[in-house]
Each structure stands twice: as C-alpha cells, then as structure tokens.
Protein chains: 2
Amino acid sequence: MTETTKYTAMALIMKAMAHPTRLFILDKLNEKEHCVCELQELIGSDMSTVSRHLSVLRNAGIVDSRKHNNQVYYRLLCPCVLDVYQCMIQLRQEDKGLTK
Amino acid sequence: MTETTKYTAMALIMKAMAHPTRLFILDKLNEKEHCVCELQELIGSDMSTVSRHLSVLRNAGIVDSRKHNNQVYYRLLCPCVLDVYQCMIQLRQEDKGLTK
DNA sequence: AGACTATTTTCTTGTTTCGCCAAATAGCAA
DNA sequence: TTGCTATTTGGCGAAACAAGAAAATAGTCT
C-alpha cells in the first residue's frame, strides 16, 4: 500500500465529518456563517460539546473562524465537502430498494 | 436539531469511509472488483483485518460482494463516494498555502 | 472423508472518541 | 474593578474502534 500518507490525510478529513452533529453544522454553515451560541441553540447539546465539534472541523481545515466582539463566527471553507451529501442520499435510497 | 436520523445515516456512511485502508480499498475497487486476498496482498495487514474493513464498507452499503469458488469478490456499488477525493485534495492544497 | 485454501468471526487488548461538568479565558459594559 | 456573556479547555467515565491471533466456516480437490 503505497501513498499511505495520501489516504491518511484524506481519512483525517473524512473522520472530522463523520459525525451527525458535525454534518448538521456543515449544512448550516453552508447557508451562512454562524456563531457558537446560534449553533448550540439549534443542536441542543452542551455549548462545550458544540465548541469541541467546531474545533474538530477547524483542525481538519474544513471551517474557519473569526472573532466579533465576544462571539466566534464559523464559516465553511470548502463547500465541496457537501457534494458527498447527494451521494449519501443516493446510497440510502438504493439500500431501501434492496431485497436482501 | 431536527432530521437527526438523516444526519445519523449519513454519518454512518462517512464513518465507514473514514479510514486510510478503507479509502485505499475503495480506490482499488473503483478500477475493478477484487477478492480479499488480492487486497490483502496490496495492503499488507492481516487478512482478518482486511476482511473486517470490507465488512464495514458492505454494512454501510458502499460495496457489495459475490462468491466465486472459495473466493469473495468485492465491487464498488456507488462510485460517487469517490468524488469527495477531489475535494480532499483541494483542501490539502489550501492548507499548505495558508500563512497561519 | 481428509487436506487445503479463502474468508469470516470471536476474543482480547490498547487506543480513540464522545459528552458533560467544572474551571479557565476573553471581551464588553457598568 | 466587578459582573456578565461567549467560548474554550481539562478531566473523567462510558462507548466505539482497530488490529492481530486463533478458532470457526465454506468451498475445492484428491
């Protein structure tokens, strides 16, 4: 298995996305940037948990943040990551259609 | 956070892909179908480990398998999952170009 | 049936992830 | 300074994940 680093790097990004809450966040950030408390409101879990999720996404280079007053606004750096969503939906449909 | 199930389902698929070895496998299966021992040869880890990875991908509905003699051939069900690869590469490039 | 090959499953161990609580940090306002 | 709000970070227990060794399964061949 050559080019191991290539797949490791990709896996890091995929892993960062591989969580329901984080996929939800990316979907929201695709519309417009949001601060942590707005997302926390929408998600419903502890603010620290939401902040953790956001830092995971930032470490993966998927989102970026800026500070305005005492709020931190996050925005989507790479909207292309959402392209997978269509494929996921397609996959789910196919699964439903399977006999076995 | 409404539509939780939607994001949970997508996360299952993403999680299945979020591993270097499994990304490598998908890349290989995109060319043509392969049996477990062929993949094991390419990857180098234990055959049981490779088989496990394949079952993760199959459970997620990304690949399918058929039995020929005493070998099991896996094939990619949904090539569209590989579209993310381009975005990953793009993300990596951007990261390199960042100053901070 | 018995040997052999390919694959899957079980088990065990070590690592990572998750989510909350509590404490720390930062900025604004009085 | 003190208080208030928004956010991040450290710590901890629970759950999920990963990988190899060994045992179990299934199919082929003689």
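So you know, we letter chains A, B, ... as the sequences are listed, proteins then strands, and number each from 1.
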Side chain of [X], heavy atoms from C-beta onward: which of [options] has the nearest atom to it?
{"X": "A/D46", "options": "D/dG10, C/dC21, C/dA6", "value": "C/dC21"}
{"X": "A/K15", "options": "C/dT17, C/dC18, C/dC20", "value": "C/dT17"}
{"X": "A/M47", "options": "C/dT7, C/dC11, D/dA6", "value": "D/dA6"}
{"X": "A/N70", "options": "D/dT28, D/dT9, D/dT5", "value": "D/dT5"}
{"X": "A/V36", "options": "D/dA19, D/dA26, D/dT7", "value": "D/dT7"}
{"X": "B/Q71", "options": "C/dA6, D/dG20, D/dA6", "value": "C/dA6"}
{"X": "B/S51", "options": "C/dG27, D/dG11, C/dT7", "value": "C/dT7"}
{"X": "B/V72", "options": "D/dA26, D/dG11, C/dT7", "value": "C/dT7"}
{"X": "A/S48", "options": "D/dT7, C/dA22, D/dA18", "value": "C/dA22"}

Using a heavy-atom cut-off of 4.0 Å across all strands, would you classify [X] as base, sugar-phosphate, or nothing?
{"X": "B/S55", "result": "nothing"}
{"X": "A/H68", "result": "nothing"}
{"X": "A/Y74", "result": "sugar-phosphate"}

Any side-chain heavy atom of [X] sitting closer than 4.5 Å to one from [Y]?
{"X": "B/H53", "Y": "B/T49", "value": "yes"}
{"X": "B/I25", "Y": "B/Y74", "value": "no"}
{"X": "B/H34", "Y": "B/L29", "value": "yes"}

